[in-house]
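These numbers come from the heavy atoms of this one structure, side chains and all, not from hydrogens, waters or symmetry mates. None of these values were measured; they are calculated from a predicted model. In this chain, numbering begins with 1 at the start of the sequence shown.
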Amino acid sequence: QQGLRAESALELWRVKTAFALRELEIAAKPGLPPDARALERAAAAQWARDQAASLIGPGALQAGGREVFGWLPGKAP
């Protein structure tokens, strides 16, 4: 839980799970050009970052870094 309230930890887990499902949906799209796939993945990652920041605050998102948010691809949170 990394010091989070139980409710926040649960909501963050839900964001992570929704993000993972979205990644699988994107990967399963047949014939999706690589550039379109990359755009969809980037949008999904940004959505997850935004959701996480709204739950725990941008400062906590930054402080957690890759150790906590390694599941988010791309730029560091």
Side-chain angles (χ1 to χ4, degrees):
Q1 287 185 352
Q2 300 293 325
L4 295 174
R5 292 184 353 240
E7 299 83 25
S8 296
L10 177 59
E11 289 303 315
L12 194 56
W13 177 83
R14 287 180 175 147
V15 169
K16 180 179 177 181
T17 301
F19 172 71
L21 289 173
R22 182 66 185 130
E23 285 276 283
L24 291 171
E25 289 170 354
I26 294 167
K29 286 185 175 182
L32 188 64
D35 56 337
R37 188 177 311 279
L39 285 174
E40 286 196 35
R41 291 188 75 226
Q46 187 60 53
W47 171 84
R49 275 198 267 325
D50 292 347
Q51 293 297 307
S54 74
L55 288 169
I56 63 172
L61 188 62
Q62 285 283 0
R66 286 279 159 229
E67 181 179 324
V68 178
F69 297 102
W71 52 272
L72 279 172
K75 66 181 180 179

Point-to-point distance, once rounded to the nearest 0.5 Å, from [atom1] of [X] to [atom2] of [Y]:
X: Ile56; Y: Gln51; atom1: CD1; atom2: CD; result: 12.0 Å
X: Leu55; Y: Glu7; atom1: CG; atom2: CD; result: 11.5 Å
X: Ser54; Y: Glu11; atom1: OG; atom2: CD; result: 9.5 Å

Given the rule that I, L, V, M, F, W and Y join up when any side-chain heavy atoms are under 4.5 Å apart, are [X] and [Y] in one cluster?
X: Leu39; Y: Trp47; result: no
X: Ile26; Y: Phe19; result: no
X: Leu72; Y: Leu21; result: no

Derivation and outcome, side chain to side chain contact (heavy atoms under 4.5 Å, CB included), residues Trp71 and Val15:
CA-CA 11 Å; Trp71 52 272; Val15 169; 4.2 Å; yes

For Arg22, is there an ion pair with Glu25 - N to carboxylate O distance below 4.0 angstrom?
yes

CA sep, side-chain torsions, deciding dist, call: Glu40, Arg37, salt bridge (Lys or Arg N to Asp or Glu O under 4.0 Å):
CA-CA 5 Å; Glu40 286 196 35; Arg37 188 177 311 279; over 6 Å; no

